[in-house]
Amino acid sequence: MKVVQLFPDLLGTYGDSGNGEILFRRARARGVGASYQRVFYGDPIPRDGDIFVLGGGEDGPMQLARDALHRDGFLGDLSSTNHQILAICAGLQILGERFVTSKSPSSPGLGVIPIVTERIENHKRIVGEVVVEADSALELPILTGYENHGGESRLLEGVPLGRVISGVGNSYSSKIDGFFNDRIIGTYMHGPVLARNPLLADLIICRLEPKGLNSFSPLEVDREVEQLRENILSQRGMSLSRRIGLR
Ligand code: GLN
């Protein structure tokens, strides 16, 4: 299993460039032969990756990342292969139909995710903790992250990653976060999201074909991670006992 962290020099806000390493380490801890490659701006994108990870970024760097992905043609190749993609915030926005930047209200996205990102009407940047109940099909516990974005996203079709319990997510009015299908998970949760929600990392690995990884053995619970999750949820009057389908 090869994990590719795309452009950590452009898309790596709030620890996001650590997500790839978490996937790699959690696979290795189960004895899965795994490798991890960081692909910097200007480097060729390897075609033999299994999981590609995009983080969040500022308006300028995210446009450079969009242009590099477009030039490379990498996403065109994806349609005929079997990759998993995790895209956070700016990563999610550039994979959408179009997005907003400080200089342009409508910059073309890569059209991989049916989402458009527009300027927030009152220009009130969305900043803070976010808590999400993931779609029940994913069988995940409550997810937590940190969001910081100046655009609001509208899902044109498809399924959001989950329902926002606290915080904002895609937009002030929708109360949903991100998007998922069988190949892509997109979210506004930074943190990095996979450190804060390790079972989301395991889910992404388990979604790879062949599905032999389905019998993934549980790892010992990381007390620090659980404590962090407990603290964040208890500040919002919730508790970890409210888990959804925890294995
Ligand atoms: N620049 C984008 C926005 O402000 C994405 C921000 C981010 O990735 N944190 O909406």
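When a ligand or atom number is given, it counts from 1 through the structure's own listing order. These numbers come from a predicted model, not from an experiment.
For R30, the salt bridge (charged side-chain N to carboxylate O under 4.0 Å, His left out) partners are D202, not counting sequence neighbours. Applying the side chain to side chain contact (heavy atoms under 4.5 Å, CB included) test to R154 and every residue at least two apart in sequence or in another chain returns R98, V116, E118, L156.
The salt bridge (charged side-chain N to carboxylate O under 4.0 Å, His left out) contacts involving residues 103-112 comprise nothing, where partners must be two or more places apart or lie in separate chains.
Listed by chain and number, residues touching ligand 1 at under 4.0 Å (heavy atoms only) are G56, G57, E58, D59, M62, C89, A90, Q93, R125, N148, H149, G150, G151, H190.
For the atom pair I176 CD1 and E133 CD, the distance stands at 13.5 Å (nearest 0.5 Å). If you take CD1 on I185 and CZ on F179, they are separated by 10.5 Å, rounding to the nearest 0.5 Å.
Relative orientation of the H83 and F52 rings is perpendicular, given thresholds of 30° and 60° on the angle between their planes.
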